[in-house]
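Naming: A, B, ... by sequence-line order, numbering from 1 per chain.
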2 protein chains.
Amino acid sequence: MQLSNTSKYTIRILAYMVNHKDTGPISAKELSENLTIPYKFLTKIMTELTRVGFITSTRGREGGFQFLREASKITIADIMELFNDAIKDEACILGIESCNSKKKCAMHDQWIKSKVQLQKMFKESTIENIAGKGDKI
Amino acid sequence: MQLSNTSKYTIRILAYMVNHKDTGPISAKELSENLTIPYKFLTKIMTELTRVGFITSTRGREGGFQFLREASKITIADIMELFNDAIKDEACILGIESCNSKKKCAMHDQWIKSKVQLQKMFKESTIENIAGKGDKI
DNA sequence: ATTTAATACTACTTTAAGGTGGTATTAAAT
DNA sequence: ATTTAATACCACCTTAAAGTAGTATTAAAT
Ligand code: SF4
Ligand code: SF4
């Protein structure tokens, strides 16, 4: 019951980028070193984030990554979605077929409350409004 | 962001057992067939549940599994714990060192609320009080 | 033009969860 | 006693996530 490493890394990467967005493109090297994320794994993530249009990349010397979509328009839910890590509406917590109020599983009542609250939280948390909060990076 | 298969299976197994506890030991075969859980995987789980004392086993013909610990004393949190699937207090949602209110990560405020609520829900949900609820098995 | 420092691409390795197969052990039923 | 139906144990296979390696491409700086 936790986020995938890929989601965790991505949140931290994008939050870091917001906090350093005024100084031109940010390189994978800088991100990798400052966030202690394995370089090769990080570049894989960056390429994907570029592919889906969250960020843009500039190749060559002095290159790096910058936001394309506004940080206030990227939610934690978006990131989880991207890496198949989301809490899907139709997903049953017990994995019995798909969730709908007609055919409930034994945990439905307890779970539905937590689920709604969690989904709301992940949807309302944008990169913009988490960036800079907290001491750990 | 979901339960492990092992946790999901275990919850369903124990809930099923509560609903059939008056008719003697329940065999792995019956559980496997009625819950459509792979037989060999299920027996592995059952052996573990026996080992930790949630249930007892009777070998040989007419054998099977029965509750040892009361179903009202087994929580979803216990099950998650058992299979390393729990939401640990000290676990940071972003995976940055360990969680404590002194050194917060960027998502601390949002997450802490959901975490507390989730943990409470998993701790208060016992096998006894979910068994029989719902239509799906 | 060449060097340097960056991303992009392709392919591979490692790890842990999930799942399978075969056989030994146990005990009721016959 | 033998058969049958059950759990226990041990070793292996499969899959997906995580992580690594090497090379091609790009563009600024020299
Ligand atoms: S809500 Fe309850 S019933 Fe519906 S899917 Fe989720 S868990 Fe199963
Ligand atoms: S609460 Fe926030 S800060 Fe504390 S650990 Fe969990 S995530 Fe990190």
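- Rounded to whole Å, the distance from CE on B:Met17 to P on D:dT7 is 10 Å.
- In this structure, B:Leu31 atom CG and D:dA6 atom P are separated by 12 Å, rounded to whole Å.
- The side chain of A:Tyr9 contributes no N or O atom lying less than 4.0 Å from OP1 or OP2 of D:dA18.
- Linking Ile, Leu, Val, Met, Phe, Trp and Tyr residues whenever their side-chain heavy atoms come within less than 4.5 Å places B:Ile137 and B:Ile11 in a single cluster.
- Nucleotide C:dG21 forms a pair with D:dC10, judged by Watson-Crick or G-U wobble geometry with both contacts under 3.5 Å.
- Put simply, the side chain of B:Ser32 gets close to the backbone of B:Ile37: a donor and an acceptor are under 3.5 Å apart.
- Linking ILVMFWY residues whenever their side-chain heavy atoms come closer than 4.5 Å, directly or via other members, places B:Val52 and B:Ile45 in the same cluster.
- For C:dG18, its base never sits under 3.5 Å from the side chain of B:Lys40 at any donor and acceptor pair.
- In summary, the side chains of B:Lys88 and A:Gln2 do not present any donor paired with an acceptor at a separation below 3.5 Å, with no hydrogens or angles considered.
- Across all strands shown, B:Phe83 has no heavy atoms under 4.0 Å from either base or sugar-phosphate atoms.
- A distance-only check finds no donor-acceptor pair linking the side chain of B:Lys8 to the backbone of A:Gly95 [under 3.5 Å].
- Nucleotide C:dT10 holds its P atom 14 Å from the CD atom of A:Glu48, rounded to whole Å.
- Side-chain N/O atoms of B:Lys44 and base N/O atoms of C:dG18 include no donor-acceptor pair closer than 3.5 Å.
- Contact annotation: A:Ser57 side-chain N/O to C:dA8 OP1/OP2 distance is under 4.0 Å.
- The phosphate of C:dG18 (OP1 or OP2) has a side-chain N or O of B:Thr6 nearer than 4.0 angstrom.
- Base pairing of D:dT26 is made with C:dA5, judged by Watson-Crick or G-U wobble geometry with both donor-acceptor distances under 3.5 Å.
- Between A:Ile55 and the choices A:Ile26, A:Ile74, A:Leu14, the side-chain contact (heavy atoms from CB on, under 4.5 Å) rule is met once, by A:Leu14.
- Candidate nucleotides C:dA8, C:dG18, D:dA28 were compared by shortest atom distance to the side chain of B:Phe41, and C:dG18 ranks first.
- Looking at which nucleotide of DNA chain D each of A:Glu62 and B:Glu62 is closest to, the 5′-most match is held by B:Glu62.
- Rounded to whole Å, the distance from CG on A:Asn84 to C1' on D:dT15 is 15 Å.
- Across all strands shown, the partner of C:dT13 is D:dA18, judged by Watson-Crick or G-U wobble contacts whose two distances both fall under 3.5 Å.
- Under the 3.5 Å distance criterion, with hydrogens and angles disregarded, a donor-acceptor pair is assigned to the side chains of B:Asp89 and B:Gln119.
- For the pair B:Leu3 CG and C:dA17 C1', the interatomic distance rounds to 14 Å; values are reported in whole Å.
- OP1 or OP2 of C:dA27 has not a single side-chain nitrogen or oxygen of B:Thr58 nearer than 4.0 Å.
- Of the side-chain N and O atoms in A:Asn5, none sit less than 4.0 angstrom from OP1 or OP2 of D:dA17.
- We find that CZ of A:Arg59 is positioned 16 Å from C1' of C:dT4, with the value rounded to whole Å.
- For B:Tyr39 and C:dG22, the OH to P distance is 14 Å, given to the nearest whole Å.
- Between B:Phe41 and B:Tyr9, the ring planes are perpendicular. Angles over 60° get that label, and only those under 30° would be called parallel.
- Relative to the side chain of B:Arg61, the nucleotides C:dA28, D:dA8, D:dA6 differ in distance, and C:dA28 lies closest.
- Between B:Ile13 atom CD1 and D:dT7 atom P the separation is 12 Å, expressed in whole Å.
- Counting only distance, with no hydrogens or angles, the side chain of A:Ser125 and the backbone of A:Phe122 share no donor-acceptor pair below 3.5 Å.
- DNA chain D is contacted by no residue of residues 87-96 of chain B, taking any non-hydrogen atom closer than 4.0 Å.
- Considering only the side chain of B:Ser27, D:dA6 comes nearest among D:dA29, C:dG18, D:dA6.
- Under 4.0 angstrom from either OP1 or OP2 of C:dA17 there lies no side-chain N or O belonging to B:Ser4.
- Ranking C:dG19, D:dG19, C:dT7 by closeness to the A:Pro38 side chain, first place goes to D:dG19.
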